[in-house]
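All residue numbers refer to positions in the sequence shown, counting from 1.
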Amino acid sequence: MFNQAKNHLYTLRDLLRFAVSQFNHAGLFFGHGSNTAYDEAAYLILHTLHLPLDHLDPFLDARLTSAEVTQVLDILERRITQRLPAAYLTHEAWLGSYSFYVDQRVIIPRSFIAELLQNRLEPWITDAAEIHAALDLCTGSGCLAIVLAHTFEQAEIDAVDISTDALAVASRNIADYQLQERVCLIQSDLFAGLADRRYDLIISNPPYVNAESMAELPEEYRHEPANALASGADGLDATRKILAGAARHLTDQGLLIVEIGHNRDAVLSAYPRTPFTWLETSAGDEFVFLLRRDQLPG
């Protein structure tokens, strides 16, 4: 199909229509930055042609060279035949206005915590200068640690992950943002390697996919590291350990913020006496909770 199409596609508009048709026909799954076949096709085409990602319309009727058509068709075909998420094809992922290098050593960045940081966690934090030390637990690509460093400019940031492969990717991103002096990478299984370090703020987007959902993941998600997704039968294995260990590593007025996916009911059932504050995100108030140190269970 792709070889036959090559000689009949001349403009970016032609390629966009062809890509959307092929993506829909192939039944691709979207959820790693794009939500529709159109959005993902537009992103892949613009990225491949080195065009601005937010300026599609001016280029729709531009005629492409034969080499450009070949390049675009190659990445579109890989998206379909390999079921690779777009971010792994372009080695680029976005959280808001921040872009990051990614490959299959790390989960593709996506977190409601990033949008909460845009407002500096107000009203829970009234003075950003009061955050002197912060921890990003399960940092993966380092994306949230980097957003933390830009949000709280007075803070020293520790970024922890159990995976040395993930930390290698995080190191590259931290260097790209020239934050080596403020963001410290630590290889550790959650808090295990942190000794007596204490923080004014701990954020975490840990593994939270339960066993049933892991068994039903679309193929695109199976390219991501399983240990960055799976978290036991009910999806709370990592969250339980975080709740059990956080008090030791928070300052007296410290805050813990954890993303838990679709597990709100499971969290409330497991911790019926814990006064969780559920933070409002663009998708609702059931995905991220906040606790002060004195509210932690136990």
Side-chain angles (χ1 to χ4, degrees), residues 94-98 100 109-160 177 179 182-184 190-191 194 197-206 208 235-236 238-298:
W94 293 80
L95 277 180
S97 61
Y98 296 90
F100 305 98
R110 50 190 183 276
S111 175
F112 293 117
I113 294 175
E115 65 181 61
L116 293 168
L117 289 173
Q118 292 178 2
N119 295 322
R120 296 187 173 183
L121 296 173
E122 294 179 350
W124 313 108
I125 296 174
T126 56
D127 184 358
E130 292 181 355
I131 304 299
H132 303 289
L135 170 64
D136 176 22
L137 205 57
C138 307
T139 194
S141 62
C143 55
L144 288 180
I146 289 167
V147 178
L148 262 181
H150 283 89
T151 302
F152 301 105
E153 297 179 354
Q154 308 300 317
E156 299 296 321
I157 313 295
D158 284 348
V160 166
Y177 279 93
L179 289 169
R182 291 187 50 218
V183 180
C184 176
L190 298 177
F191 298 113
L194 295 182
R197 297 183 189 222
R198 300 182 75 193
Y199 305 93
D200 303 304
L201 173 64
I202 297 174
I203 66 168
S204 185
N205 183 19
Y208 54 65
L236 297 184
T239 300
R240 286 190 184 89
K241 293 177 182 178
I242 292 169
L243 288 171
R248 179 183 175 190
H249 297 283
L250 283 169
T251 56
D252 290 346
Q253 303 302 316
L255 297 177
L256 171 69
I257 294 174
V258 181
E259 188 161 339
I260 48 85
H262 294 278
N263 294 331
R264 176 170 170 164
D265 289 345
V267 168
L268 292 175
S269 177
Y271 298 92
R273 295 182 178 86
T274 301
F276 296 99
T277 295
W278 295 92
L279 302 182
E280 188 70 39
T281 73
S282 58
D285 65 353
E286 60 189 77
F287 303 103
V288 182
F289 68 72
L290 176 148
L291 290 168
R292 298 191 314 267
R293 183 179 187 273
D294 61 2
Q295 295 174 319
L296 286 164

Polar contact flag, side-chain donor to acceptor under 3.5 angstrom, Glu115-Ser282: yes

Separation of Thr139 OG1 from Ile157 CD1 (nearest 0.5 Å): 10.0 Å

Candidate pair Ile203 and Leu135, rule side chain to side chain contact (heavy atoms under 4.5 Å, CB included), full reasoning: CA-CA 6 Å; Ile203 66 168; Leu135 170 64; over 6 Å; no

Exceeds 12 heavy-atom contacts within 6.0 angstrom, atom CH2 of Trp124: no

Side chain to side chain contact (heavy atoms under 4.5 Å, CB included) evaluation trace for Leu144 with Ser111: CA-CA 8 Å; Leu144 288 180; Ser111 175; 3.7 Å; yes

Inter-residue atom distance Asp285.CG - Leu279.CG, 0.5 Å rounding: 9.0 Å

Centroid-centroid distance, His132 to Tyr199, less than 6.0 Å: no

CA sep, side-chain torsions, deciding dist, call: Asp136, Val147, side chain to side chain contact (heavy atoms under 4.5 Å, CB included): CA-CA 10 Å; Asp136 176 22; Val147 178; over 6 Å; no

Shortest non-hydrogen contact between Ser269 and Pro272, atoms and distance: O-CD, 3.5 Å

Arg182 (side chain) donor-acceptor with Ala155 (main chain) under 3.5 angstrom: yes

Spacing of CG belonging to Leu201 relative to CG belonging to Leu121, to within rounding of 0.5 Å: 6.0 Å

Non-hydrogen side-chain atoms of Leu179 and His150 separated by less than 4.5 Å: yes

Distance flag, aromatic centroids of Tyr208 and His262, threshold under 6.0 Å: no

Distance in Å, Phe276 CZ paired with Tyr271 OH, rounded so as to fall on 0.5 Å steps: 7.0 Å

Side chain proximity check, Arg293 to His249, heavy atoms < 4.5 angstrom: no

For Ile113 against Ser204, the heavy-atom pair lying closest together: CD1-O, 3.4 Å

Criterion salt bridge (Lys or Arg N to Asp or Glu O under 4.0 Å) on Arg120 and Asp127, from CA distance to verdict: CA-CA 9 Å; Arg120 296 187 173 183; Asp127 184 358; over 6 Å; no

Asp252 with Arg198: basic N within carboxylate O range, under 4.0 Å: yes

Taking every non-hydrogen atom, the tightest pair across Thr151 and Leu117: CG2-O, 3.4 Å

From CA spacing to verdict: side chain to side chain contact (heavy atoms under 4.5 Å, CB included), Arg264, Phe287: CA-CA 7 Å; Arg264 176 170 170 164; Phe287 303 103; over 6 Å; no

Side chains of Gln295 and Thr274 in contact at under 4.5 Å (non-hydrogen atoms): no

pair Phe191-Arg248: side-chain heavy atoms closer than 4.5 Å: no

Contact check, side chains of Tyr98 and Tyr177, non-hydrogen atoms, under 4.5 Å: yes

Contact check, side chains of Leu268 and Phe289, non-hydrogen atoms, under 4.5 Å: no

Heavy-atom check, side chain of Leu291 versus side chain of Leu255, under 4.5 Å: no

pair Ile202-Leu250: side-chain heavy atoms closer than 4.5 Å: yes

Asp200 side, atom CG; Glu130 side, atom CD - distance, nearest 0.5 Å: 8.5 Å

Over all atoms of both residues, closest heavy-atom pair of Gly235 and Asn263: O-ND2, 3.6 Å

Taking every non-hydrogen atom, the tightest pair across Val160 and Leu190: CG1-O, 3.5 Å

Gap separating the CD1 atom of Ile125 from the CG atom of Asn119, nearest 0.5 angstrom: 11.5 Å

Distance-minimising heavy-atom pair for Pro206 and Ala238: CB-CB, 4.0 Å

